[in-house]
Amino acid sequence: MSQPKTQLDLDQLSINTIRTLAIDAVQQANSGHPGAPMGLAPVVYELWQKFLRYDPADPTWPNRDRFVLSAGHASMLLYATLHLAGVRAVNAKGEVSSELAVPMEEIKRFRQIDSRTPGHPESHLTTGVETTTGPLGQGAGNSVGMAIAGKWLAENFNQPNFEIFNFNTYAICGDGDLMEGVASEAASLAGHLKLSNLCWIYDNNHVTLDGPAEWSFSEDVMTRFVAYGWNVTRVSDANDLEMLGRGYDTFLKTKDRPTLLVVDSHIGYGSPNKQDTSNAHGEPLGEAEVKLVKKNYGWPEDAKFLVPDGVYDQFKNGVGKRGAEARAAWKTKFEEYKKQFPQLADQLNRMQSGQLPDSWDKELPSFPADPKGMATRDSSGKVLNVLAKNIPWLIGGSADLAHSNKTNLTFDGAGDFYPEQYRGRNLHFGVREHAMGAIVNGMTLSKLRAFSATFFNFSDYMRPSMRLGALMEIPAIYIFTHDSIGVGEDGPTHQPIEQLASLRAMPNMLVLRPGDANEVVEAYKVILQHKHGPSTLVLTRQAMPTFDRTKYAPAAGVTKGAYVLADATGGKPDVILIASGSEVSLCVEAGEKLGATGIKARVVSMPSWELFEQQDSAYKESVLPANVSARVSVEMASVFGWERYVGTKGRMIGMRSFGASAPLKDLLKKFGFGVDNVVAAAKEVLGK
Ligand SMILES: Cc1ncc(C[n+]2csc(CCOP(=O)(O)OP(=O)(O)O)c2C)c(N)n1
Ligand SMILES: [Mg+2]
């Protein structure tokens, strides 16, 4: 290969290095998508090399521009770029190491077991991967959360002469991303909020996996985004770096709305004249094709994983130098900021390292015993407000149900987050649950403690995002109210049945369904201290008693997932009644009735399976002794899974069908949630 002489040569050489690394890695893995990285290499190169403010020496710099590859199938595009840019790895303690985030060995281990280069980018595995992508549309949604975080941070932390936050968020989206509903919801909200710090780059390559995009996608995307309130601009050739540069400039100059940069590209090949979409897509090229392609790039046909001389330096002198200078200037500023605004600086440091303010749990309410009690959504609203007051970066909102979810932050100064008014803490997601999930994840990745809220039944609408939150191990907070058939008249369309079981089945998702107001307080304490995974909080619409904790065990038992709330006196219980949420009080009543007939009943409140499973076997045995096999579970949800705790000799009182539209008291009767039913079930398992 001849030595590159000019800058232009070096640009092209670097772009072709990204392409050939992607081709070789996919070929070696014998799986993956080479086409998208090949087509998009110049787009990403131009962005990283000339525009992205990102210091590869510190990928944790809080004011770095965010780069999101929503088209996660093009993962090698990202891995090759992270490698060539020399992005450093961050260790488990959050410290930047001297190691590369993606060393060449890892590129060679693309898609292999325990590699840092999985098939689709996973943010908890690979430094520099800002979010986990692959399920199309999610990254686009996350990017809106990052842009919201950017605006909020700037508004709350910047001071005259101290622009601590002004980062931009870029997301690469393909046809698939823009076909997905979640991206449409997110784009609609981003346009409404006028997020000028957000740039989506649309890879308009007219092809998806099955064939030409026109088979299924013919709307005018540009007009759609204009209607959303975005600035839309177009680059007609993905290989024209100058034109791409002008596109990015246009974004930077657009100060009043987000930008969609439509880039006409051709999948697979570097030149629009050599288009062949037949096999450069969704699968390895094959050895023969690899050689042809390399020849076309002026590459040595037999070279594999080649990084030609000058390419590393090219990145070092481009994104490396620009990023280092930007971060150094920022650091100097931040040192002065620390002196002038120590409180704000302290908040920032805590936020970045996942800590809470010292007195984050001060003035939390303690609810007096009350047989009528209150709905857990109401106690939640009170607790959330205290916590948000104590934790300035606890921020969130509802998908148009804030009044029902009781998630409005109403204390002095809480404020709202509106277009061009980015200081407030109350977000208004509109009726966009899926995007809300993705946005809350993006905000959480930007180190805010962000929460969402809607009816529990509509967790289904957010589930794909919640699943990614769990996979990413991020501490997002998903709040749900109207948690059962207790919803009443709204009927089965609004009554969750299988949602609890399905979220309990999700790895790394912490699910909490507290049994009274004081359990709500404890649940929130767990959630705020839970750092390595999301939490789902499940709350009632209807009132339930607040237990007299002088009579029953303290609510702090919540931290263990399940605890003996009320026990029969006089030794080993005959029967154990286990419940969560609104059914705990039912079991307490039933337990008392059983006691009156001489049957010793223990009542176990079990707000969280996951927390209980984390306890040692001695504790578990103390709550659910193996030698008490007479057990009854009571939960107004699918019985699926309760076999685990009631065993083969137990009984499960729960739902085995959808609910119905009726007043609550009639539903309780119809579906068997009465004290007498619990008593009868207990007697049945005792053979009485
Ligand atoms: C939610 C979701 N559905 C389906 C897929 C499988 N999938 C991966 S790439 C792809 C095609 C997407 O087309 P496009 O976004 O245009 O990307 P291109 O083929 O142009 O690279 C599909 C359907 C996915 N990753 N996520
Ligand atoms: Mg496409």
Side-chain angles (χ1 to χ4, degrees), residues 18-19 22-23 25-26 29 31-44 68-80 111 118-122 129 131-143 171-187 200-219 221-222 224-225 234-239 260-270 272 275-285 434-435 437-438 441 460-469 471:
I18 296 175
R19 287 175 167 148
I23 291 168
V26 170
S31 114
H33 299 247
M38 290 160 76
L40 282 168
V43 178
V44 170
V68 173
L69 184 68
S70 195
H73 58 284
S75 56
M76 264 312 303
L77 178 63
L78 180 53
Y79 300 146
R111 292 181 163 238
H120 297 85
E122 295 179 44
V129 173
T131 179
T132 295
T133 55
L136 294 168
Q138 292 293 336
N142 298 153
S143 74
I172 302 264
C173 305
D175 299 297
D177 289 294
L178 294 198
M179 275 190 262
E180 290 289 356
V182 61
S184 305
E185 292 175 20
W200 284 7
I201 300 144
Y202 168 33
D203 178 27
N204 183 29
N205 65 6
H206 303 283
V207 65
T208 62
L209 272 192
D210 274 356
E214 67 183 16
W215 286 358
S216 56
F217 197 40
S218 50
E219 74 211 23
V221 171
M222 297 184 65
R224 173 157 70 95
F225 273 75
R234 187 167 195 164
V235 168
S236 60
D237 176 3
N239 288 298
L260 179 73
L261 185 60
V262 180
V263 179
D264 298 347
S265 81
H266 294 272
I267 197 158
Y269 289 82
Q275 184 188 6
D276 172 7
T277 60
S278 60
N279 77 356
H281 193 217
E283 54 186 52
L285 298 181
H434 197 175
N441 288 351
D460 288 350
Y461 273 47
M462 305 171 54
R463 200 171 195 282
S465 303
M466 296 172 70
R467 185 172 192 274
L468 283 169
L471 177 59

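Whatever order the structure lists ligands and atoms in, that order sets their numbers, starting from 1. Treat the numbers as computed from the prediction; the structure is a model and nothing was measured.
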Pro37 to Ala22 - nearest heavy-atom pair and separation:
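Result for this residue pair: CB-CB, 3.6 Å.
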For the pair Asn142 (side chain) and Ala438 (backbone), establish whether a donor and an acceptor sit closer than 3.5 Å, ignoring hydrogens and angles.
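It does hold such a pair.
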What angle sits at the Mg ion (ligand 2) between O of Val207 and OD1 of Asn205, to 10°?
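Centred on the Mg ion (ligand 2), the OD1/O angle is 90° (to 10°).
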For ligand 1 and [X], I'd like to know whether there is a polar contact (N/O to N/O, distance under 3.5 Å).
{"X": "His33", "value": "no"}
{"X": "Asn205", "value": "yes"}
{"X": "Leu209", "value": "no"}
{"X": "Gly134", "value": "yes"}

What atoms of ligand 1 come closer than 4.0 angstrom to any heavy atom of [X]?
{"X": "Gly174", "answer": "15 (O)"}
{"X": "Ala36", "answer": "21 (O)"}
{"X": "Gly176", "answer": "13 (O), 14 (P), 15 (O), 16 (O)"}

For ligand 1, is there an atom lying under 4.0 Å from some heavy atom of Gly35?
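No, Gly35 has no heavy atoms under 4.0 Å from ligand 1.
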Residue-ligand contact Glu180/ligand 1, heavy atom below 4.0 Å
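It does, in that a heavy atom of Glu180 comes within the 4.0 Å cut-off of ligand 1.
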Which is closest to atom 21 (O) of ligand 1 by heavy-atom distance: His266, Met179, His206, His73?
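Looking at heavy atoms only, His73 sits closest to atom 21 (O) of ligand 1.
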Checking side-chain contact (heavy atoms from CB on, under 4.5 Å) against Val221, which of Asp175, Leu260, Asn204 comes through?
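Among Asp175, Leu260, Asn204, the one that satisfies the side-chain contact (heavy atoms from CB on, under 4.5 Å) with Val221 is Leu260.
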